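We count ligands from 1, going down the list as the structure has it; atoms in each ligand are counted the same way. All values reported here derive from a predicted model rather than from experimental measurement. Numbers for residues simply follow the sequence, beginning at 1.
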Amino acid sequence: MLSRIFLGLAASAALLAAQNVQNQALTGEAARSAEIAKTNPFNTEADVQQGNALFQVQCTYCHGARGEGGRGADLTAGVYKMGGADPDLFKTVRSGIPGTEMPASRLTDDEIWKMVGFVKRLGSRGLSEKAPGDAAAGKALYAKNGCAGCHRIGDEGVDLGPDLSDVGRRRGLAFLEESLVKPEAFVSNTFRAVQLVMKSGPAVGGIRLNEDDLSVQLRDTNGNLRSVMKDGVKELRRDKPSLMPSYERLSKTDLTNLVAYLNSLKGAQ
Ligand code: HEC
Ligand code: HEC
């Protein structure tokens, strides 16, 4: 756990350093200050509208046109893991959140401040969509359908699929439903499935962790870490990118309830 935190920190420091060099090359040093203002210096109505325009181009892909969330977090809830004060949001938008899909931005500081103004407005309107289903019924469905055989929530379950402890904060409602009925529609880089057809012996399937010229490292479907030498592999198949089965067969009500349960998982806070 500690080493994971340390690795994470080292990786984010390296990322930040790389990002800084890149940005100096891109925008010149003046556009990026080391000091971050305590309150947003770009907060006129015109600034917020420019922020909206930038948001539409750079962010809706993950956060939705109205900030309702999708692959990215619901920004209309006004709840932030990394802090909701102006300088916190500035840092989140400028540097991204290392170890997640939230990317760093290459825009100038002025542009980032304008977007922060718009993000704050999204979070303060109280437009957050409430999940329509019954979360308690969804929790029972989660147990009944064996989801914990691949996922972790808090201390329970395993790590074959993504940890769902805070999935309701990280992902929007539409994305959650799509994850259940069409798991293949989006598979993050860290959870791509592979099937190894061996020259002899049974096939090996799992989540691809790493690959080099000689071997493939994977977490097999029993959760074991394995390294397989490529010279014993007849065929490396990636035609089924997700290990997760589709739950399309569930009734509309069950799906809505499961989504409500997933949406209620906001992490330990
Ligand atoms: C490739 C997808 C993607 C793009 C593009 C993206 N985000 Fe995100 N964003 C995410 C994800 C995923 C999260 C949730 C990360 C987590 O906490 O695990 C997130 C979280 C956030 C948060 C909440 C952070 C917190 O403290 O909880 C803010 C604010 C945010 N994004 C703003 C933006 C803005 C502004 C842009 C455009 C410049 C943007 N994002 C572009 C995926 C994206
Ligand atoms: C056989 C293993 C397996 C089972 C069973 C399974 N999942 Fe998954 N799940 C995965 C894997 C692997 C991924 C990552 C790849 C993907 O996104 O399709 C995933 C992704 C997800 C995601 C998207 C998470 C994110 O942050 O991107 C959600 C939500 C989810 N599963 C919920 C469920 C629920 C609810 C159930 C039970 C009804 C379930 N899963 C059953 C393996 C499984």
Side-chain angles (χ1 to χ4, degrees), residues 51-52 54-64 67 69-75 77-85 88-94 96-107 111-112 114-120 122-123 138-139 141-153 157-173 175-193 205-208 219 221 223 240-247 249-250 254-255 257-259 261-263 265-267 269:
N52 182 358
L54 290 164
F55 185 90
Q56 298 304 322
V57 177
Q58 310 248 333
C59 322
T60 53
Y61 173 61
C62 291
H63 290 287
R71 179 177 161 190
D74 174 3
L75 298 179
V79 180
Y80 312 99
K81 176 176 70 170
M82 311 299 283
D88 301 330
L89 288 171
F90 181 88
K91 276 186 249 172
T92 299
V93 178
R94 179 159 80 173
I97 308 178
T100 78
E101 288 156 34
M102 171 64 196
S105 168
R106 297 184 178 181
L107 297 176
E111 289 170 319
I112 288 172
K114 290 173 185 171
M115 264 201 287
V116 166
F118 180 67
V119 167
K120 270 197 107 157
L122 282 175
K139 186 174 182 179
L141 287 161
Y142 184 90
K144 191 175 142 206
N145 284 282
C147 313
C150 292
H151 291 284
R152 170 184 303 284
I153 295 175
V158 299
D159 292 313
L160 197 54
D163 186 324
L164 300 180
S165 306
D166 65 345
V167 75
R169 188 191 52 72
R170 292 187 289 109
R171 308 290 201 191
L173 295 175
F175 183 97
L176 291 174
E177 172 151 4
E178 187 184 62
S179 298
L180 299 177
V181 295
K182 257 199 279 164
E184 324 263 274
F186 176 81
V187 178
S188 78
N189 278 332
T190 34
F191 288 98
R192 302 229 179 244
I207 301 288
R208 179 186 157 287
R219 186 187 301 279
T221 42
K240 193 180 179 309
S242 176
L243 278 187
M244 176 155 159
S246 166
Y247 290 89
R249 60 182 164 77
L250 295 182
D254 283 358
L255 284 172
N257 293 343
L258 252 180
V259 167
Y261 174 56
L262 294 170
N263 178 252
L265 302 171
K266 307 281 187 189
Q269 257 172 6

*Under 4.0 Å, heavy atoms only, figure out whether ligand 2 is touched by the backbone of E184, its side chain, both or neither.*
neither
_Mode of F186 contact toward ligand 2 - side chain, backbone, both, neither (heavy atoms, under 4.0 Å)_ = backbone
*Which residue and non-hydrogen atom of the protein lie closest to atom 37 (C) of ligand 2, and at what distance in Å?*
C147 SG, 1.8 Å
*May I ask you to identify the nearest protein heavy atom to atom 13 (C) of ligand 2, giving residue, atom name and distance to one decimal place in Å?*
P162 CD, 3.3 Å
*Say whether Y80, considering both its backbone and side-chain N or O atoms, lies within less than 3.5 Å of an N or O atom on ligand 1.*
no
_Neighbour count above 12 (heavy atom, 6.0 Å) for K240 NZ_ = yes
*Are the side chains of R171 and L176 in touch, meaning some heavy atoms are under 4.5 Å apart?*
yes
*Just which atoms of ligand 2 are under 4.0 Å from any heavy atom in L180?*
32 (C), 33 (C), 34 (C), 35 (C)
_Per-atom contacts, ligand 2 versus F175 - under 4.0 Å to a heavy atom_ = 27 (O)
*Is there any N or O on R170 that sits under 3.5 Å from an N or O of ligand 1?*
no
*asked:* Within the 4.0 Å heavy-atom shell around L243, which atoms of ligand 2 are there?
replied: 1 (C), 12 (C)
*atom 7 (N) of ligand 2: which protein heavy atom is closest, and how many Å away?*
H151 NE2, 2.8 Å
*asked:* Return the closest protein heavy atom for atom 1 (C) of ligand 1 as residue, atom name and distance.
replied: C62 SG, 2.8 Å
*Go through ligand 2 atom by atom and flag the ones less than 4.0 Å from a non-hydrogen atom of R171.*
25 (C), 26 (O), 27 (O)
*Is there a side-chain contact between M244 and H151, using heavy atoms and a 4.5 Å cut-off?*
yes
*Heavy-atom side-chain contact between I153 and Y261 under 4.5 Å*: yes
*Any idea which protein heavy atom is nearest atom 42 (C) of ligand 2, and the distance to it?*
M244 CB, 3.5 Å
*Say whether G149 and ligand 2 are in contact under the criterion: heavy-atom distance to a ligand atom below 4.0 Å.*
no
*State if Y261 counts as touching ligand 2 under the rule of any non-hydrogen atom under 4.0 Å.*
no
*Check ligand 2 against S242 and write out every atom of the ligand that is under 4.0 Å from a heavy-atom position of the residue.*
15 (C), 16 (C), 18 (O)
*Quick one: look at M82 and ligand 1, take heavy-atom pairs under 4.0 Å, and tell me if it's side chain, backbone, both or neither.*
both
*Strictly under 4.0 Å, does any heavy atom of S105 approach an atom of ligand 1?*
no
*If we only count N/O pairs under 3.5 Å, is P183 in contact with ligand 2?*
yes
*Non-hydrogen atoms of P245 versus ligand 2: any pair closer than 4.0 Å?*
yes
*Got the closest protein heavy atom to atom 41 (C) of ligand 2, with its distance?*
Y247 OH, 3.3 Å
_Side chain, backbone, both or neither: S179 near ligand 2, heavy atoms under 4.0 Å_ = side chain
*Could an N or O of ligand 1 be found under 3.5 Å from any N or O of K81, whether backbone or side chain?*
yes
*asked:* Checking a contact table here: which protein heavy atom is nearest atom 4 (C) of ligand 2, and how many Å away?
replied: C150 SG, 3.3 Å
